[in-house]
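See structure below.
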Amino acid sequence: MARRVHIVGGGLSGLSAAVEIAGSGQHVIVHEAGPACGGRARSYEDRKLGCRIDNGNHLLLTANDAVFRYLGLIGALDTLQGPDQPIFPFVDLEKPCHWTLDLSMGRIPWWVFSATRRVPGMRLGELLSLKRLIDASPTQVVSERLLPGEFSRRLLDPFSISALNTPSDVASAALLGHVVNESLAKGGRACLPRFPKVGLSESLVDPALAHLAVLHGEVRTGRRVTGIETQAGRVTALVFPDERIAVGEDDAVILAVTAPVAAGLLKDALPDLVVPDEFESIFNAHFRLARAPMPLGSFAKTRFLGVVGAVTEWVFLKNDIVSVTVSAANRYAARDPEELGRQIWGEVRKALDGLLDAPLPPEPPLQRLVWEKRATFAATPAQLKRRPPARTGLSNLALAGDWTATGLPATIDGSIRSGVAAARALGLRGSVPG
Ligand SMILES: Cc1cc2nc3c(=O)[nH]c(=O)nc-3n(C[C@H](O)[C@H](O)[C@H](O)COP(=O)(O)OP(=O)(O)OC[C@H]3O[C@@H](n4cnc5c(N)ncnc54)[C@H](O)[C@@H]3O)c2cc1C
């Protein structure tokens with residue numbers, strides 16, 4: 001009989017592990033607690049808005065190699081969209097000004113010498129901040145490595161908050177330095193922004209499920225693992241509320257759940273397992289307009305806009321839906337979400353003024369506010385030390401998840417890499433050559 005590989009958790013890390021292993025003659029079974037796969041990156045039918053939306057806007061860069069490899073494996077490379085130039089339109093609502101960051105395609109940053117392509121008000125000396133981040137020690141935080149000035153305020157600080165989902169005064173400078181090395185330092189070709197044409201599930205989840213189905217992988221939703229039995233240093237059974245599945249001698253398990261769930265399931269088997277235990281939230285406000293407006297200028301090419309000097313950080317336009325992302329949102333935990341939503345609508349109207357074919361109405365339209373309380377672990381120097389590797393003290397169990405030691409922040413790229421690392425930690429190779 002084929003060896004069985006149980007994957008607990010059908011988020012992107014679990015699906016990545018499943019895709020990695022499927023096709024190898026091993027029988028892959030994904031057990032997902034929720035009604036659908038996708039975890040923290042999913043699309044769903046929103047009854048209030050009367051349409052399908054993503055739980056939150058997700059932005060990828062062409063630098064996210066693991067994502068593109070995964071999309072290639074599942075045949076979904078053409079489901080992403082984005083401009084063919086590395087451009088990022090911004091508006092500053094505090095010191096009013098619009099600009100478009102227009103990076104050079106190659107590694108030589110010619111853009112910094114052009115007043116129309118760089119960040120307004122930046123001094124060339126501020127570029128040293130990038131080197132200071134790359135050279136940061138593991139204990140330093142982002143704010144102590146940024147030189148004061150408009151390059152930091154208008155670009156590096158917002159970039160840090162979005163990439164690490166952690167305020168700059170506590171976020172790891174070394175981790176941001178790694179992100180800079182993998183993106184900006186490689187030039188604009190690595191920084192082309194990408195996001196799903198239709199939705200997160202249509203790009204990252206549904207094609208993976210179709211791929212697994214062809215390879216006879218099983219995906220069981222509504223299946224919450226409530227216990228893991230072990231004996232003699234290996235997993236021997238997975239426990240569900242209504243069932244116990246024996247894990248055979250040759251079978252393996254990949255635990256691709258969130259950090260607190262993994263720690264809970266393994267508290268008896270691996271009492272010394274340390275995982276991240278501080279989290280940051282993300283606030284998303286989705287507004288459904290009466291009609292789809294026409295975007296103008298560089299906003300027409302990107303359909304997203306960075307906002308500085310406001311609660312709003314990124315505005316995305318998808319047909320008649322305007323969605324706003326606010327990262328590291330624990331800062332606003334004391335605020336009433338409805339009131340926050342009203343403030344954000346006021347900021348959106350100002351930010352998009354002149355970027356749409358007609359002004360937005362003063363009153364907020366139909367809205368859905370989604371506050372993901374544990375969107376990611378807090379990327380502080382102390383929390384990074386708590387990220388465990390894929391390999392565990394149990395011979396047939398590996399860990400996956402954006403919180404494991406991927407070397408990346410908690411992102412789609414990190415979760416997909418973690419699934420690959422877990423498969424490799426168990427010596428499992430499948431549809432992937434090399
Ligand atoms: C609002 C928001 C915006 C984001 N924006 C970006 C972005 O712009 N770019 C980017 O790269 N990343 C972004 N991220 C991060 C990205 O979504 C995550 O890093 C990624 O989706 C995590 O995937 P995962 O598989 O590691 O974890 P999860 O998605 O959390 O998957 C874990 C899965 O395990 C299941 N599960 C839990 N317990 C059990 C159990 N006992 N039994 C069975 N199943 C169980 C859960 O239901 C879930 O499906 C964002 C995240 C959020 C929330």
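Counting convention: from 1, in listed order, for ligands and their atoms alike. Please read these numbers as outputs of a predicted model, since none were measured by experiment.
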Could you go through the side chain to side chain donor-acceptor pair (under 3.5 Å) check for S203 and T79 one step at a time? CA-CA 5 Å; S203 287; T79 66; 2.9 Å; yes
Salt bridge check: are R42 and E372 linked by an N-O gap of less than 4.0 Å? yes
With E249 via salt bridge (Lys or Arg N to Asp or Glu O under 4.0 Å) - residues at least two apart: none
List, pair by pair, the atoms of ligand 1 and of the protein that are both N or O and lie under 3.5 Å apart, giving the separation rounded to 0.1 Å.
unit_1	atom_1	unit_2	atom_2	d
ligand 1	5 (N)	N57	O	3.4
ligand 1	8 (O)	L59	N	2.7
ligand 1	9 (N)	L59	O	3.2
ligand 1	11 (O)	I412	N	2.8
ligand 1	12 (N)	I412	N	3.4
ligand 1	14 (N)	H58	NE2	3.3
ligand 1	17 (O)	H58	NE2	2.8
ligand 1	19 (O)	D402	OD2	2.7
ligand 1	19 (O)	T411	O	3.4
ligand 1	25 (O)	L12	N	3.1
ligand 1	25 (O)	S13	N	2.9
ligand 1	25 (O)	S13	OG	2.7
ligand 1	26 (O)	S13	OG	3.3
ligand 1	26 (O)	D402	N	3.0
ligand 1	27 (O)	R40	NH2	2.9
ligand 1	29 (O)	R40	N	2.8
ligand 1	30 (O)	R40	NE	2.8
ligand 1	30 (O)	R40	NH2	3.1
ligand 1	41 (N)	V225	O	2.9
ligand 1	42 (N)	V225	N	3.0
ligand 1	44 (N)	A33	N	3.1
ligand 1	47 (O)	E32	OE2	2.6
ligand 1	49 (O)	E32	OE1	2.6
ligand 1	49 (O)	E32	OE2	3.2

Listed once per pair and sorted, the ring pair (Phe, Tyr, Trp, His ring centres under 6.0 Å) pairs that draw on residues 239-275, sequence neighbours left out: H31-F240
Would you mind listing every ring pair (Phe, Tyr, Trp, His ring centres under 6.0 Å) that reaches into residues 370-429, with sequence neighbours excluded? F283-W371
Check whether S43 reaches the backbone of L200 with its side chain - one donor and one acceptor, N or O, closer than 3.5 Å. yes
